[in-house]
Amino acid sequence: MRDGIIVMDKLQLSKIIVFLSEVPFFSEVSEKSLMHLSEGLQITDFRKNATIFNKDDSGDSMFVILKGKVKVHENLHVFDHLSEKDCFGEYALIDNKVRSASVTAVESTQVLEIKRDHFLKLMATDSGFSQGILSVMIKRHRELDRIQERLSVSKNELELAHDQLSALIKGAMDAIIMFDTKFRILLTNPSAEKLFESTDVLQRNVLFFLDEEGASVIEKIVTENKNNTINSFLPSPITVIGTNEKSVITEGTISKHGKESEVFYTLILRNIEDRLQDAATINLLTSQTYYLKEEIKELTNTHGIIAEDESMKSVLKAISQVAKTDATVLITGETGTGKELVAHAIHNASLRHEQPLIRINCGAIPANLIESELFGHEKGAFTGATASRKGRFLLAHKGTIFLDEIGELPIDLQPKLLRVIQEGEFDPVGSSETIKVDVRIIAATHRDLLTHAAEGKFREDLYYRLNVFPIDVPALRKRGNDICLIAQAMMDRIAKKLSKQIHPLSNEDQTILLKYNWPGNVRELQNLIERAVIIARDGEIQWNQVIPSKNNTSESLGLVETTEYEILTSDQLLEFEKANIIKALKKTHWKISGANGAANLLQMAPTTLASKLKALGITRPV
């Protein structure tokens, strides 16, 4: 009679692992794998004369005797007595046949029960467990004749057991190779023959199928452990070279069995080519995720394209016309007009919208690093290149790349970009390998690139390649009532974010907004509105305190001596802008970004300020 099932605590589980390591059936299984096995076991008590199972019963478990004694019998005929650490019912783990004999407790007996499903799951997922079990089974395979005498089974039953063990080995997805002390192959399974690209490998030297480094690893393990046991993972991946010269990267385990002249080794190899490819894909997707997170972070701060004015409606019409094509787009317009928002709109409406949109500001990255950012580099390509890196073009494969401030791209790098546009290929820095990419290119600039080309600062042929479909984003001051619509949308969003109640724009407020020139465009509008909402009291915004007045213009800055009737030349304007930026940098102790940075003081993006520093030749004094 079965007394019941016992649930194991941690201490008992630890004892069970030690106990199982001493059971011959699990003697080759590692402690870690035994822990996995023990997590699915149950302990059952049987009283004296209790039947554990009868002949012809269906079964899905094997048993290990923890304590006590059982007899294996058919009616009154006893085949054998089994006691502590003996196993019975093993074949139920690999077939659905009925029990071939009955098992009855001779005295009070406690057994471990191992379910077929749990065993097969470990065989499929735990290579250490399957290697250990296979090693034991291979040894049992060599002892079948003695098993026959001890159990008095028929020749047919022995052959059936042999077939079952062989089926287990042959059905393994991993390559199993047994070889002797002279490295001659004694046994292989179909997976090994597939790996070696040959069915005629017996008695051949196993080292001949490995690359030089892999052969050295196996030879070293065997020669250095002639007097020691071996049961371990290979220290590094092994490259197998088949008869047809196909190379496959594998990982695996090696174990040593037998004694003296009958020593043999079992090598189990697993193809990891797919896993390495998956790892490379994961690395690529991880990089793409990083850039996409940055893009999402920026997208959450935008407000969609509000377009009631005809000038902006024409931009929306152009977006709808070009989005479904793969044509290269050049977006022009003043700084802060929303060129990047237009680029996002084109990508999101395109057939590539499920692929990444990778953004790079060509003016915000030092000239000596921009090539690596765009096209990637190999390890050791330059000082500091401690690892290979994928460039933005490869990250944008099948998607879109947005080249912001394209006018700042160094002239010596422009031919490489031209090659990507024309041929769809490039060579990473430090590599002779040509990489093909399928990328839709959108570029943006606040410069007149044709004039820039005439001055020798931009390639004319590159300009025409980029200017396939031009879109000019109008300045905010030219968009009429859009200013008020955008301002109201921004006020609502920022007020909600700050949990403040703000009154809608009045007619007087709208008049103030429409009168201002908005030199910083939408970006300036956003910064001013955020400041206005922060300082608002009782829901009222004092726009006269926020919108720059005439007293805050160049006349009061003391940067350029002029009268309201004097017209400044382009050089004077540049000097004025340079002096104004330097003044802001000095005030912020040359800090560019952040709440207390010069970019915030000047009401422009840090990347735009970085571009202007470079264009105006402004450097921090030593």
Side-chain angles (χ1 to χ4, degrees), residues 28-30 33 36 91 93-95 116-117 119-142 144 159-180 183-211 213-215 217-219 221-222 230-258 264-279:
E28 302 293 338
V29 179
S30 66
S33 297
H36 295 159
Y91 291 126
L93 297 178
I94 57 175
D95 65 27
R116 179 194 300 152
D117 289 346
F119 179 83
L120 293 179
K121 181 180 179 182
L122 287 177
M123 289 291 290
T125 60
D126 188 332
S127 60
F129 181 81
S130 60
Q131 186 268 338
I133 295 298
L134 287 171
S135 296
V136 171
M137 288 186 171
I138 289 170
K139 286 197 292 187
R140 284 193 170 188
H141 176 64
R142 296 171 64 88
L144 282 177
E159 290 176 350
L160 178 61
H162 175 273
D163 290 342
Q164 290 171 335
L165 292 172
S166 296
L168 191 62
I169 296 171
K170 290 178 180 179
M173 298 298 292
D174 293 341
I176 303 172
I177 306 103
M178 184 189 296
F179 60 91
D180 62 17
F183 301 99
R184 290 177 302 191
I185 298 174
L186 304 176
L187 176 71
T188 59
N189 68 343
S191 295
E193 293 170 355
K194 181 179 178 181
L195 192 63
F196 291 155
E197 297 183 299
S198 175
T199 57
D200 184 23
V201 297
L202 297 184
Q203 296 303 311
R204 296 175 66 180
N205 193 314
V206 68
L207 302 181
F208 292 165
F209 292 96
L210 310 178
D211 69 348
E213 184 178 350
V217 169
I218 299 299
E219 190 171 18
I221 291 174
V222 171
I230 303 173
N231 187 15
S232 63
F233 287 96
L234 296 176
S236 59
I238 297 292
T239 299
V240 178
I241 304 173
T243 302
N244 298 324
E245 300 298 325
K246 179 182 177 181
S247 296
V248 177
I249 301 175
T250 67
E251 65 178 8
T253 60
I254 185 170
S255 56
K256 178 182 176 183
H257 311 284
F264 62 95
Y265 301 86
T266 302
L267 182 64
I268 300 179
L269 300 176
R270 174 169 294 179
N271 186 334
I272 59 172
E273 293 274 355
D274 290 341
R275 196 174 77 195
L276 294 176
Q277 181 61 43
D278 290 344

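In this structure, a donor-acceptor pair under 3.5 Å is present between the side chains of Ser255 and Gln131.
In this structure, the side chains of Lys256 and Tyr265 come closer than 4.5 Å at one or more pairs of heavy atoms. Looking at Leu122 and Ser33, their side chains never come closer than 4.5 Å, going by heavy atoms from C-beta outward.
Side chain of Asp174 to backbone of Ile268: no donor-acceptor contact under 3.5 angstrom is found. Under the 3.5 Å distance criterion, the side-chain polar atoms of Asn271 are left unmatched by any main-chain donor or acceptor of Ala175.
One finds the CE atom of Met178 at 11.5 Å from the CG atom of Leu267 (value rounded to the nearest 0.5 Å). Taken to the nearest 0.5 Å, the CD1 atom of Ile230 stands 5.5 Å off from the CD1 atom of Ile254. Rounded to the nearest 0.5 Å, atoms CZ (Arg270) and CG (Leu234) are 12.5 Å apart. Rounding to the nearest 0.5 Å places CD1 of Ile94 at 9.0 Å from CG of Leu120. Going from atom CZ of Arg116 over to atom CG of Asp95 covers 7.0 Å, rounded to the nearest 0.5 Å. The distance from the CE atom of Met173 to the OG atom of Ser127 is 14.5 Å, given to the nearest 0.5 Å.
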| task | Evaluate the side-chain contact (heavy atoms from CB on, under 4.5 Å) criterion for residues Val29 and Val136: first the C-alpha distance (whole Å), next the side-chain angles of each, then the deciding distance (0.1 Å), finally the verdict. | result | CA-CA 9 Å; Val29 179; Val136 171; 5.9 Å; no
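Screening Leu187, Ile218, Thr266 against Phe179 for a side chain to side chain contact (heavy atoms under 4.5 Å, CB included) leaves a single residue, Ile218.
Of all non-hydrogen atoms in Glu273 and Ile249, the two that sit nearest each other are OE2-N, 2.8 Å.
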Donor-acceptor list for residues 199-211 side chains, cut-off 3.5 Å, not counting sequence neighbours:
from: Arg204; atom 1: NH1; to: Asp200; atom 2: O; distance (Å): 3.2
from: Asn205; atom 1: OD1; to: Leu207; atom 2: N; distance (Å): 2.8
from: Asp211; atom 1: OD1; to: Gly214; atom 2: N; distance (Å): 2.7

I'd like a table of donor-acceptor pairs (distance under 3.5 Å, sequence neighbours excluded) in which one partner is a side-chain atom from residues 237-245, with atom names and distances.
from: Thr243; atom 1: OG1; to: Phe196; atom 2: O; distance (Å): 3.1

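When the shell of 6.0 Å around CD of Glu213 is examined, it contains 12 or fewer heavy atoms from other residues, nucleotides or ligands.
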